[in-house]
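Just so we're on the same page: letters track the sequence lines, and every chain starts at 1.
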Amino acid sequence: MLRRQYYMTVGLVLLLVLVVLNLPEQTAGKLKLALGGLFLPLFALAGSAQNFAEQTGNAIAPRSALLQQIDELRKENQRLHEQLVQAQEASRENAQLRRAVGWQQRVPWSLKPARVVGQDPANWWRTIMIDVGLRDKIHPNMTVLTPEGLVGRVTDVGFDRSRVVLVGDPNCRFSAQVQEPRDQSVVAKGIISPSASSLDRLLVDLVFVPGGSLLKPGQPVLTSGDGGIFQKGITVGQIVDVRTNDHGLNLEARVKLVVNLNRLEQVWVMLQ
Amino acid sequence: MNWMNTIAILLVAFLAVFLESYFRGLRNLIGAQIDLLPALVVYASLSANISTVALIATLGGLWFDSLSTNPLGISVLPLFVIGLVVHYCRDLIMREQLYAQFMLGLAASAVAPLFTVLSLIGTGDEPLLGWCSLWQWLVMALGGAAFTPVCFYLFDQFNRAFSYQAQPETSFRPDREIKRDRGRHVDY
């Protein structure tokens with residue numbers, strides 16, 4: 001009797017696993033989102049608790065500190081306003097020049113702010129979950145960034161949350177270019193890949209850089225725009241060190257990401 | 001073991017998966033996240049029937065995969081295999097011993113991620129692996145091992161609080177009782 005119960009349980013679990021693993025990708029994705037939806041109340045509760053703690057902290061902030069902060073923010077606002085006026089002038093000039101040369105007009109970025117609500121519980125993926133989804137017109141492969149630079153791209157989209165695969169995950173390889181800081185000229189191009197040898201989540205590898213390229217520590221690395229997912233010119237990081245590979249045919253460089261992926265709280269999704 | 005304990009284990013498994021996804025402190029501090037599900041499966045295997053073990057492995061694995069990039073269902077089989085083996089050998093295991101609990105937790109927490117990663121590679125996925133994975137594996141194994149005795153303690157306390165306890169047997173037998181009176185009183 002006991003042995004029969006064993007066999008039946010083993011059979012049922014095996015059958016279930018086989019069925020779930022062989023579901024069509026779309027159905028499996030929907031099922032995954034539905035199961036993940038069970039955790040939404042907990043995520044909301046945790047978020048509310050965090051907000052409450054922050055508000056409580058704000059309520060007990062001394063008046064002098066708040067006044068000082070207001071003063072600093074006023075100054076920053078004034079500085080940003082001046083920069084905006086200059087940027088508008090430069091943008092107008094840029095548009096005129098583009099029209100004169102016949103280049104396509106540059107579309108301004110449209111950004112949607114999002115809050116990071118969770119991360120991948122498995123150690124072998126680097127993904128996060130954000131609190132925007134189809135409701136906010138989010139689609140797969142949209143770029144996710146912060147004011148500092150690139151964070152990753154959207155992969156799975158639910159109604160009110162999405163999964164973002166971070167730079168450094170095996171599913172987020174893309175083309176990047178190294179620039180010379182002085183004249184912004186492109187030194188070399190390569191592929192950003194995960195650095196599995198380092199525990200530091202902020203280090204990635206720039207691989208398949210042609211041998212003989214003049215790579216130096218400190219040079220900025222930006223998206224190249226090749227591949228069609230990320231727009232050109234988004235900051236990725238800085239070169240830390242360089243080594244030769246394949247008997248000098250290729251170069252590999254370690255790149256320190258500018259965005260601290262360990263401390264992500266708020267990100268922006270590029271809608272266009 | 002009653003249905004309330006099964007529900008309690010499922011609830012803890014649900015919370016464990018949520019906490020693994022929500023709290024980033026440990027990963028930022030030591031570079032690895034601890035998985036608590038293998039420890040729960042070990043407890044269930046030594047305290048419940050095989051159906052409960054299957055339920056916890058299945059639901060726990062599905063919940064874990066739903067918050068992860070893992071293909072849905074990939075974590076179920078490693079957890080269930082661990083539960084099945086421990087349940088099969090439960091008569092040989094000294095459940096009450098702290099050392100046994102720790103070692104079982106260590107083995108389960110070491111084997112579960114290994115099986116999952118092998119399954120992922122088998123299905124054509126490309127998880128992030130390297131020398132740092134060894135450190136993450138060590139942390140997962142030790143973290144799971146440390147959590148297992150805690151898990152046993154907490155659930156045993158829970159059981160003690162919410163279920164009837166067996167009356168402890170005494171050596172007293174009414175049929176062997178020697179009845180004494182105050183003795184014959186003689187007046188002189």
Please classify the contact between [X] and chain B as side chain, backbone, both or neither, with a heavy-atom cut-off of under 4.5 Å.
| X | value |
| --- | --- |
| A/Leu38 | both |
| A/Asn171 | side chain |
| A/Leu16 | side chain |
| A/Val10 | both |

Donor-acceptor pair, distance only, cut-off 3.5 Å: does the side chain of [X] make one with the backbone of [Y]?
| X | Y | value |
| --- | --- | --- |
| B/Ser21 | A/Gln119 | yes |
| B/Asn28 | A/Asn262 | yes |
| A/Arg163 | B/Leu67 | yes |

Mark yes when over 12 heavy atoms from residues, nucleotides or ligands other than [X] sit less than 6.0 Å from its [atom1]; otherwise mark no.
| X | atom1 | value |
| --- | --- | --- |
| B/Phe115 | CZ | no |
| A/Glu25 | CD | no |
| A/Gln26 | CD | no |
| B/Phe158 | CZ | yes |
| A/Met8 | CE | no |
| B/Phe14 | CZ | yes |

request  = Using a 4.5 Å cut-off on heavy atoms from C-beta on, say whether the side chain of A/Leu42 contacts that of B/Leu15.
outcome  =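 A side-chain contact exists here, since the closest heavy-atom pair is under 4.5 Å.
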task = Check whether any side-chain heavy atom of B/Trp137 sits under 4.5 Å from a side-chain heavy atom of A/Asn123, and report yes or no.
result =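 Not in contact.
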At their closest point, which heavy atom of [X] faces which heavy atom of [Y], and how far apart are they?
| X | Y | result |
| --- | --- | --- |
| B/Pro71 | A/Leu21 | CB-CD2, 4.3 Å |
| B/Arg27 | A/Pro121 | NH2-O, 3.4 Å |
| B/Ser68 | A/Asp120 | OG-OD1, 2.8 Å |

Interatomic distance, [X] atom [atom1] to [Y] atom [atom2] [nearest 0.5 angstrom]:
| X | Y | atom1 | atom2 | answer |
| --- | --- | --- | --- | --- |
| A/Trp124 | B/Thr69 | CH2 | OG1 | 11.0 Å |
| B/Leu72 | A/Lys30 | CG | NZ | 14.5 Å |
| A/Leu35 | B/Asp65 | CG | CG | 9.5 Å |
| B/Arg24 | A/Glu265 | CZ | CD | 5.0 Å |

task = Could you tell me how the ring of B/Phe18 sits relative to the ring of A/Phe39: parallel (under 30°), tilted (30 to 60°) or perpendicular (over 60°)?
result =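 Parallel: the ring planes of B/Phe18 and A/Phe39 meet at under 30°.
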With a 4.5 angstrom heavy-atom cut-off, is it the side chain or the backbone of [X] that approaches chain A, or both, or neither?
| X | value |
| --- | --- |
| B/Thr58 | side chain |
| B/Asn70 | both |
| B/Phe64 | both |
| B/Thr116 | side chain |
| B/Ile74 | both |

request  = Under 4.5 Å, counting heavy-atom pairs only, tell me which of A/Gly168, A/Ala46, A/Gly118, A/Gly36 racks up the most with chain B.
outcome  =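 Going by pairs under 4.5 Å, I would pick A/Ala46.
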key: With sequence neighbours excluded, residues passing side chain to side chain contact (heavy atoms under 4.5 Å, CB included) with B/Arg95   =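 Checked B/Arg95 against side chain to side chain contact (heavy atoms under 4.5 Å, CB included); matches are B/Tyr43, B/Leu46, B/Ser47, B/Phe152, B/Asp156.
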request  = Determine, stepwise, if the pair B/Phe80 / A/Thr9 fulfils side chain to side chain contact (heavy atoms under 4.5 Å, CB included).
outcome  = CA-CA 10 Å; B/Phe80 182 63; A/Thr9 312; 4.2 Å; yes
ask   = chain A contacts: which residues in residues 85-93 of chain B have a non-hydrogen atom closer than 4.5 Å to it?
value =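 Near chain A, by residue number: B/His87, B/Tyr88.
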ask   = Hey, mind stepping through A/Leu14 and B/Leu77 against side chain to side chain contact (heavy atoms under 4.5 Å, CB included) and telling me if it holds?
value = CA-CA 8 Å; A/Leu14 277 178; B/Leu77 216 53; 3.7 Å; yes
